[in-house]
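Chain naming here is simple, since letters A, B, ... match the order of the sequence lines and numbering starts at 1 in each.
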Protein chains: 2
Amino acid sequence: MPEAVLQRAAAEMLDWQGSGMGVMEMSHRGKEFGAICAQAEADLRQLLAVPEDFHVLFMQGGGLGENAIVPMNLSRGGQVDFVVTGSWSVKSHKEAQRYCQAKVIASNADSKHTRMPDPSTWELSADASYVHICSNETIHGVEFQTLPDLAALGSQAPLVIDFSSHVASRSVDWRRVGLAFGGAQKNLGPAGLTLVIVRDDLLGHALDICPSAFNYRTVADNQSMYNTPPTWAIYVAGLTFQWLLQQSEGALTGVAAMEQRNQAKARLLYDFIDASPFYENKVSPDCRSRMNVPFFLVDETRNDDFLSGARDRGLLQLKGHKSVGGMRASIYNAMPLEGVQALVDYMREFERSHA
Amino acid sequence: MPEAVLQRAAAEMLDWQGSGMGVMEMSHRGKEFGAICAQAEADLRQLLAVPEDFHVLFMQGGGLGENAIVPMNLSRGGQVDFVVTGSWSVKSHKEAQRYCQAKVIASNADSKHTRMPDPSTWELSADASYVHICSNETIHGVEFQTLPDLAALGSQAPLVIDFSSHVASRSVDWRRVGLAFGGAQKNLGPAGLTLVIVRDDLLGHALDICPSAFNYRTVADNQSMYNTPPTWAIYVAGLTFQWLLQQSEGALTGVAAMEQRNQAKARLLYDFIDASPFYENKVSPDCRSRMNVPFFLVDETRNDDFLSGARDRGLLQLKGHKSVGGMRASIYNAMPLEGVQALVDYMREFERSHA
């Protein structure tokens with residue numbers, strides 16, 4: 001997380017802006033927290049250019065919770081189309097089967113999740129309540145560089161995107177999206193806050209078995225305060241929104257600046273890997289994730305040496321997910337270019353001394 | 001919240017115990033957060049004397065979420081008995097009807113929620129999956145001073161208690177309880193953490209429609225980390241558990257000390273109200289809440305004057321809930337005896353000058 005955000009949160013811990021109380025002590029119905037929550041929503045709307053006809057909901061339960069909450073709210077018990085592109089969309093598809101006919105209309109399993117299935121090949125259902133994609137898969141390192149245009153493919157179904165792992169790393173084309181959801185912990189703040197951004201016409205169709213606390217209509221009608229909201233997490237996410245709005249790269253600000261920065265970070269790392277005979281990334285270049293870069297040493301007997309040397313340099317959490325193996329560099333918004341440069345420097349040195 | 005807890009959270013914001021990272025920056029799967037979470041559970045078990053055959057689950061969704069999550073996990077779609085004693089149990093009963101035959105077997109509605117229905121009069125079902133009570137009702141200010149002994153009443157059903165608003169204010173007789181749930185925000189920490197303490201034999205019977213993220217068996221099998229847990233809230237709750245363990249009153253420590261302190265606070269306020277012809281509490285003395293004390297000015301035309309004078313003295317949030325009217329003093333664990341004394345002093349002075 002940005003150090004400036006942490007410092008401000010620490011400074012305001014016992015007294016938020018002269019109110020005499022810390023954020024964790026506030027009633028969620030008081031005017032102080034109301035101001036914090038309203039500002040967070042306004043800043044997020046600006047940051048992601050959220051259109052007026054979308055609701056911003058601050059919820060609990062995480063991305064895994066939303067795997068159930070989305071179909072309970074949107075499926076109407078009917079057919080839902082799933083595009084399966086890695087571990088997260090596999091989980092989403094499996095969970096949705098509790099609530100609807102969840103059909104896999106495209107998959108990249110035959111490529112071991114290293115290519116995104118071309119939208120023109122998707123077998124879109126005529127009557128799907130929605131189409132689900134995970135727009136960035138953290139474990140396999142594949143990302144939709146461009147969101148699919150379902151309308152252009154002849155579908156009227158709204159697109160649901162799980163953008164947990166790359167929210168605020170790039171802009172969102174809301175004309176192509178009906179609902180976006182994500183846990184805040186990757187790019188936006190602390191764990192315990194789930195963000196749902198949903199178009200107004202999709203509310204009001206929840207199944208009877210949908211818990212009131214997770215009914216989007218109820219949450220929206222109560223400004224995310226039907227349930228006591230995760231007040232601290234909303235506050236810290238709000239500080240992060242303000243930090244993001246203040247970022248700039250040349251004439252670009254906010255998410256546009258982050259997008260340029262993230263592209264530069266990803267290019268630096270992928271270019272180095274591609275140019276090296278010592279390392280390998282197996283993902284097709286047109287769908288490589290800017291957030292999560294899995295890579296392999298061609299000689300995997302050196303894995304432990306590589307990780308050990310990395311740790312000595314303070315380069316942490318580089319071990320790949322157990323289902324994939326190898327290495328993985330997660331280069332979220334808060335990771336500066338210098339951090340990626342340090343990784344590349346280490347990889348180059350390790351190659352020289354071990355090739 | 002205790003100032004010592006807030007100060008420590010602020011001091012550790014950027015560097016938890018020399019780890020080089022703050023708690024909000026930790027992976028929930030790392031050894032640092034693993035240690036925080038394990039310590040929090042151990043401290044909570046000690047604090048509430050939780051038996052070995054109960055699981056402690058750190059969840060999300062709040063008490064209102066649990067109104068659905070409990071019946072999804074425990075009802076088996078069958079009959080569930082509800083004791084309706086105020087606003088919270090009314091909500092719980094209403095929500096449960098989505099998942100089971102939720103039967104009201106006792107109610108205090110005829111007394112306008114000022115008396116607890118005597119357990120000997122409850123019409124317990126022969127085949128209920130469980131019996132639900134709200135052990136402290138914040139709005140109406142009624143509390144079960146003693147938990148009902150269902151076995152002694154001839155029932156084999158486990159007792160479910162919603163103890164959101166008085167957890168850790170007194171001891172729990174776990175021999176009488178199958179499951180206890182509560183949001184942490186009243187007595188245990190920040191909003192965004194839900195505590196579930198459940199006996200092992202009650203797991204494994206969830207309905208198919210229960211979301212995986214809220215399936216107690218799944219949560220328990222993954223040490224509350226199936227889903228990314230609300231890491232910061234668990235950390236702060238853990239600091240609060242340690243603070244509570246350190247409290248003492250004479251030879252008593254921990255919750256026993258808090259219970260004695262809470263009894264003294266409640267006695268001070270109720271005794272003053274009962275002795276005054278100017279103020280009134282309508283709740284039967286044997287079920288008065290130690291946490292939430294609703295009271296009325298006999299001459300209600302003076303309500304605004306009373307609240308205005310209270311505010312001038314820094315006595316905040318005394319307005320009663322809109323469904324009940326009058327005043328309400330919430331005297332949770334973190335409120336010291338001196339705070340209640342200040343309220344009583346003000347009430348006495350207001351009475352003298354307005355009687």
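- For the residue pair A/P229 and B/A191, the shortest heavy atom distance occurs at O-CB, 3.3 Å.
- Of the two parts of B/A233, neither the backbone nor the side chain holds a non-hydrogen atom closer than 4.5 Å to a non-hydrogen atom of chain A.
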Just by distance, which donor-acceptor pairs between chain A and chain B come in under 3.5 Å?
unit_1: A/M1; atom_1: N; unit_2: B/E25; atom_2: OE2; d: 3.3
unit_1: A/E25; atom_1: OE2; unit_2: B/M1; atom_2: N; d: 3.3
unit_1: A/Q60; atom_1: OE1; unit_2: B/G61; atom_2: N; d: 2.9
unit_1: A/G61; atom_1: N; unit_2: B/Q60; atom_2: OE1; d: 2.9
unit_1: A/G61; atom_1: O; unit_2: B/N227; atom_2: ND2; d: 2.7
unit_1: A/E95; atom_1: OE1; unit_2: B/S212; atom_2: OG; d: 2.4
unit_1: A/E95; atom_1: OE2; unit_2: B/S212; atom_2: N; d: 2.7
unit_1: A/E95; atom_1: OE2; unit_2: B/S212; atom_2: OG; d: 3.3
unit_1: A/R98; atom_1: NH1; unit_2: B/D208; atom_2: O; d: 2.9
unit_1: A/R98; atom_1: NH2; unit_2: B/S212; atom_2: OG; d: 3.1
unit_1: A/Y99; atom_1: OH; unit_2: B/I209; atom_2: O; d: 2.7
unit_1: A/Q185; atom_1: NE2; unit_2: B/T228; atom_2: OG1; d: 3.3
unit_1: A/D208; atom_1: O; unit_2: B/R98; atom_2: NH1; d: 2.9
unit_1: A/I209; atom_1: O; unit_2: B/Y99; atom_2: OH; d: 2.7
unit_1: A/S212; atom_1: N; unit_2: B/E95; atom_2: OE2; d: 2.7
unit_1: A/S212; atom_1: OG; unit_2: B/E95; atom_2: OE1; d: 2.4
unit_1: A/S212; atom_1: OG; unit_2: B/E95; atom_2: OE2; d: 3.3
unit_1: A/S212; atom_1: OG; unit_2: B/R98; atom_2: NH2; d: 3.1
unit_1: A/N227; atom_1: ND2; unit_2: B/G61; atom_2: O; d: 2.6
unit_1: A/T228; atom_1: OG1; unit_2: B/Q185; atom_2: NE2; d: 3.3

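- Within the 4.5 angstrom heavy-atom criterion, no atom of B/V23 approaches chain A.
- In terms of heavy-atom pairs under 4.5 Å with chain A, the best-connected choice from B/A9, B/G189, B/P211 is B/P211.
- Highest contact tally toward chain A, considering only B/V236, B/L14, B/L193, is held by B/L14 [criterion: heavy-atom pairs under 4.5 Å].
- With respect to chain A, the highest number of heavy-atom pairs below 4.5 Å among B/C210, B/G22, B/A213 belongs to B/C210.
- The greatest number of non-hydrogen atom pairs below 4.5 Å with chain A, out of B/G20, B/P230, B/G30, B/G63, is found for B/P230.
- Residue contact with chain A, scored on non-hydrogen atoms closer than 4.5 Å, is absent for B/M21.
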